[in-house]
Amino acid sequence: MCANFLSGNVSELVGYTYPKLHKGKEWYVDFYTRDPDTNKIRRKKYWIGSELRVSERVRRATEIINVISKQIMEGWNPFFGW
């Protein structure tokens with residue numbers, strides 16, 4: 001069995017994590033994915049504007065999560081070519 005799977009580090013095995021909304025002073029959606037240049041897992045954040053109402057922030061975060069999830073499953077990588 002794969003050593004990464006035994007250690008519980010699923011992002012190393014799959015190559016990415018599911019995007020997640022973080023609420024606080026600043027709202028953002030983040031996820032981890034493999035950087036093809038370094039072959040290591042890196043974090044990517046998408047900030048959500050503080051000028052938006054809470055309902056608009058949630059709607060925007062849901063859109064970002066859905067789009068990113070679909071793109072990642074189709075093979076897109078935000079670090080490719082940087």
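No experiment lies behind these values; they were computed from the predicted model shown.
- Across all non-hydrogen atoms, the minimal contact from Ile65 to Leu21 is CD1-N, 4.0 Å.
- Val29 and Leu52 fall within the same hydrophobic cluster, defined by Ile, Leu, Val, Met, Phe, Trp and Tyr side-chain heavy atoms under 4.5 Å apart, directly or through other members.
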For residues 71-80, which side-chain N or O atoms pair as donor and acceptor with protein atoms under 3.5 Å away, sequence neighbours left out?
residue: Asn77; atom: OD1; partner: Phe79; partner atom: N; Å: 2.8
residue: Asn77; atom: ND2; partner: Arg34; partner atom: O; Å: 2.6

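- Residues satisfying the side-chain contact (heavy atoms from CB on, under 4.5 Å) criterion with Asn66, sequence neighbours excluded, are Thr62.
- For residues 41-72, the pairs satisfying ring pair (Phe, Tyr, Trp, His ring centres under 6.0 Å) are Tyr28-Trp47, with sequence neighbours left out.
- To the nearest 0.5 Å, atom CZ of residue Arg42 and atom OG1 of residue Thr33 are 10.0 Å apart.
- Thr17 places a side-chain N or O within donor-acceptor distance of the main-chain N or O of Tyr32, the cut-off being under 3.5 Å.
- Pairs of residues two or more places apart, or lying in two chains, never qualify as salt bridge (charged side-chain N to carboxylate O under 4.0 Å, His left out) while including a residue from residues 15-27.
- Taking each heavy atom of Asp35 and Asp37 in turn, the nearest pair found is OD1-N, 2.9 Å.
- Applying the salt bridge (charged side-chain N to carboxylate O under 4.0 Å, His left out) test to pairs two or more places apart or on separate chains, those with a residue in residues 45-57 are Glu56-Arg59.
- Residues satisfying the ring-ring contact (aromatic ring centres under 6.0 Å, His included) test with Tyr18, not counting sequence neighbours, are none.
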